[in-house]
K.L.:
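Would you mind keeping the following structure in view while I ask a few things?
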Amino acid sequence: MCLNKVLMLDLKKNKSAEVWPRGRVRLVNSCLGYLVAYPKMSHTDTGPTRSLTTPPPPIHRHALGSAKFIIFLCFGLFCPLRGTISQRTGGARALPHALRAPITPSPPPPAAPLAPLPLLRFSPPPRSGRRRRRRPAGCPRRWAAPALYSGRARRRPAGAHKMAAASTQGPRAPKLAQLLERDPYLAPFEQDFQRRYALFYNRLKSIEENEGGLDKFSKSYKTFGVNQFVDGGVYCKEWAPGAEAVFLTGDFNGWNPFSHPYKKIEYGKWELFIPPGQDGYSPVPHGSKLKVVIRAQNGELLYRISPWARYVVRDQDKVNYDWVHWNPPQSYIRKHRSPERLKSLRIYESHVGIASPEGKIASYKNFTYNVLPRIKDLGYNCVQLMAIMEHAYYASFGYQVTSFFAASSRYGTPDDLKEMIDVAHSMGITVLLDVVHSHASKNSEDGLNKFDGTDSCFFHSGPKGTHQLWDSRLFDYSNWEVLRFLLSNLRMWIEDYGFDGFRFDGVTSMLYHHHGIGTGFSGDYNEYFGLHVDEDALCYLMLANHMVNFLHPECITIAEDVSGMPALCRPVAEGGGGFDYRLAMAIPDKWIQIIKELKDEDWNMGNIVYTLTNRRYEEKCIAYAESHDQALVGDKTLAFRLMDAEMYTNMSVLSPLTPVIDRGIQLHKMIRLITHALGGDSYLNFMGNEFGHPEWLDFPRKGNNESYHYARRQFNLTDDHLLRYRFLNAFDRDMNKSEERFGWLASPPAFVSEKHESNKVIAFERAGLVFIFNFHPYQSYTDYRVGVEIPGKYKILLDSDASEYGGHQRLDHNTEYFSEEYPHNYRHNSLMQYNSQTSFSQQPRRCHKHHIKVYIPSRVAIVLQNMDNAK
């Protein structure tokens, strides 16, 4: 057919095409579109080859029946033109759709072909009825990332077929097609994914070529800093590109600042070897204090702590920390292996220093012998430790790190921490570290800032290197030695201490040049791609996750990202960030907004379900009703918002149960259960919140006269049987034990069969269990029909109204619920009630239609188990 030839002519000698009127081009386009759309109209035995009912593309009003059209078309076919019609009219978008298919970009080089995208459809969804596509009223803008849960196959986005065939320079993500098939709306950003992957691949390749591999590169903590050889000699190495000279001083040389100079080697590095003593002992004894002396470019002498220091302490009468050489004759030897990688996490977010009812800084030993057994009893299988990396300012909650390789000495020695992790492993508890690689403290005397006398070194120089809100320094993730420092830091925490993974703090600040400051994320995909994305930081995260997954596949990584960046929790091979989980940070904000702004009668069931289920398909989320953020001074925990001042006077069982306390206890249990069961693929709780810890969390500081009164967790409240805190504690324990038994967190997303606004009822199924919530403040329901998928006999597994949980005991746990073949809420069966007083002859037969008699009291959540498939 000559039509393609018309469009692809490259007859360069004739310049008449440069002066073609746009009207004539539109005329040719319209006519060609008509001919392409109807290439054959002759009838065959089976009828016309194209349906005559299909409307033709729009035709220019002078096209048909005009001799000028034929002459003009012949002119276009046979006259030599310069360029193509698409070039003259601004690209393929100016052509009718029928003409776009032949105009494809040049194919990629044969060495790295990109297969064209197949017809795209979404993966199997959680079937929760009609999905809203826009942000509901009242939902924070930053959380309204689009949920990929609709079950309907969708048309590919405009231009997706072009993006599939577009060539991209450099290495290509080998499994990107799987990501684009899962979410076709990412197809226009294929080149962004390819560019990010190419950056990751090239840096990884450079590490392999120049450093002997990622394994050796990430073990640099064994050569940098101060390390002792087997023969007793000491090898010292630092990176100080802005220094004029570097020396080591300390107790070992009487604090002589110049007796032990470093030798300058390539790329701003300095090294020093101190031979062993005559007796073979180390010239730098264990426990001796050290300093690195930097002669700056202006001649000033700077006394610094090595960025690779393993142990730093602060004397009571001093402000700054001192570097102590840690090399004990016999380090702690681990006795237990790490637990196997968990399918789902029940995380107990913890801070060692506040893990005691006493008004003091608690220790690693206290956590080992007093808190870990409590965590195990509560049914949590993972503990996330905050504020472990050394931080000079205690009230920073550990987020102003000064020494990245040092375990905080406030709580004890490095060996105490190793023992604590080992004991946790013996209990089958996975241990995660809250790692802060998004920024660093501005301290220079005992931190990384101005280590070599310049304002750069590990950080960006100038305003780019300072976080406006946090008043901290920002790493330069494009710097080779910064990558060495951070990757080695992760490796050290895993291999020296036995951590099983990381929760990366402040990932949003890393991902964007604006650091999320003053930015609301609406879910528009354009917000996640472009020049405002810090691809150097994203590349570091990809390298970090690749390293952890490659060297220690049993380890877990979690991203604290508020933006909802797509593919952040997909494998690096797909062009993703490589994280295993992300925190579902919309959920606690939603609960705070509901409790703070709405009356109980105005709670929106659909909005609650939407927030709990609004997450990207096959990108795992960790749900939580509240974390340490809500416990800090200036905010309130859920229990304190619900019960407030009455927690001081009416939490005793000897005092009357007031409406405020009753409401608070019942809603506290319901909120945590629905978040646990519906909100994600894992669950998190901050220590003490499981039993409604009163008041807030405030570290000692000048503003509170250095008081420790609020910097503690009063676990003793749950041990007092005269206080109602034990009810909430017992419910949290049994909720976790039920999940451990049935595994709903590791099951496919729930099917929400009901979210009734006037009745305030939510019902859904997950892991073969039926969850029913009645949030109505005063209306109880008898004869309430609930749809189920799996037929059989059901009994109560968990009842928030039980007396041991501080409930009113309105449900008979001997009641049996039988499914009936009565379609309800898109389910084939529904439930009816049978209690122990009903005679056998009165029991209904299955598969018959009967009225439902399920009793759902007000402010009650029940979980029903299918007894025919009992575990």
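As the structure is a prediction and not an experimental result, all values here were calculated from the model.
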K.L.:
Under the side chain to side chain contact (heavy atoms under 4.5 Å, CB included) criterion, do Val863 and Tyr794 qualify, and how do the steps go?
P.N.:
CA-CA 10 Å; Val863 182; Tyr794 289 79; over 6 Å; no
K.L.:
Applying salt bridge (Lys or Arg N to Asp or Glu O under 4.0 Å), name anything that partners Asp681, two or more places apart in sequence or on another chain.
P.N.:
none
K.L.:
Under the side chain to side chain contact (heavy atoms under 4.5 Å, CB included) criterion, do Ile671 and Ile595 qualify, and how do the steps go?
P.N.:
CA-CA 11 Å; Ile671 288 172; Ile595 296 173; 3.9 Å; yes
K.L.:
Can you spot which of Tyr380, Tyr683, Phe771 makes a ring pair (Phe, Tyr, Trp, His ring centres under 6.0 Å) with His676?
P.N.:
Tyr683
K.L.:
Is it the case that the side chain of Ser819 and the backbone of Gly792 share a donor-acceptor pair, with hydrogens and angles ignored and the cut-off at 3.5 Å?
P.N.:
yes
K.L.:
How about Tyr348 and Phe686: are their ring centres within less than 6.0 Å of each other?
P.N.:
no
K.L.:
Does the pair Ser738 and Trp744 meet the rule for a side chain to side chain contact (heavy atoms under 4.5 Å, CB included), with working shown?
P.N.:
CA-CA 9 Å; Ser738 298; Trp744 62 66; 3.9 Å; yes
K.L.:
With sequence neighbours excluded, tell me which residues meet ring pair (Phe, Tyr, Trp, His ring centres under 6.0 Å) with Trp591.
P.N.:
none
K.L.:
Under the ring pair (Phe, Tyr, Trp, His ring centres under 6.0 Å) rule, collect the residues that match up with Phe367, sequence neighbours excluded.
P.N.:
none
K.L.:
For residues 683-696, which residue pairs qualify under salt bridge (charged side-chain N to carboxylate O under 4.0 Å, His left out), counting only residues two or more places apart or in two chains?
P.N.:
none
K.L.:
Only counting residues at least two apart or in another chain, list the ones meeting ring pair (Phe, Tyr, Trp, His ring centres under 6.0 Å) with Phe727.
P.N.:
none
K.L.:
With Asp644, which residues qualify under salt bridge (Lys or Arg N to Asp or Glu O under 4.0 Å), at least two apart?
P.N.:
Lys636
K.L.:
Would you find a donor on one side and an acceptor on the other, under 3.5 Å apart, between the side chain of Gln666 and the backbone of Gly806?
P.N.:
yes
K.L.:
Answer yes or no: is there an ion pair linking Glu554 with Arg341, defined by an N-O contact shorter than 4.0 Å?
P.N.:
no
K.L.:
Is there any salt bridge (charged side-chain N to carboxylate O under 4.0 Å, His left out) pair reaching into residues 657-671, and which pairs are they, with sequence neighbours excluded?
P.N.:
Asp600-Arg663
K.L.:
Can you say whether the rings of Phe773 and Phe775 are parallel (under 30°), tilted (30 to 60°) or perpendicular (over 60°)?
P.N.:
parallel
K.L.:
How would you list all residue pairs meeting salt bridge (charged side-chain N to carboxylate O under 4.0 Å, His left out) that involve residues 725-736, not counting sequence neighbours?
P.N.:
Arg672-Asp732
K.L.:
Go through the structure and list residues passing ring pair (Phe, Tyr, Trp, His ring centres under 6.0 Å) with His756, not counting sequence neighbours.
P.N.:
none
K.L.:
Restricting to side chain to side chain contact (heavy atoms under 4.5 Å, CB included), what partner residues turn up for Asp801, sequence neighbours left out?
P.N.:
Asp799, His808, Arg810, Val860
K.L.:
For a salt bridge (Lys or Arg N to Asp or Glu O under 4.0 Å) check, start with the C-alpha distance between Glu560 and Arg503, then their side-chain angles and the critical distance, and finish with the verdict.
P.N.:
CA-CA 7 Å; Glu560 188 218 24; Arg503 179 259 199 191; 3.4 Å; yes
K.L.:
Arg641: which residues meet the salt bridge (Lys or Arg N to Asp or Glu O under 4.0 Å) condition with it, sequence neighbours left out?
P.N.:
Asp635
K.L.:
Just to verify, what does Ser426 make a side-chain hydrogen bond (donor to acceptor under 3.5 Å, both in side chains) with, not counting sequence neighbours?
P.N.:
none
K.L.:
Please identify which of these residues, Arg570, Arg182, Arg582, meets the side-chain hydrogen bond (donor to acceptor under 3.5 Å, both in side chains) condition with Glu619.
P.N.:
Arg582
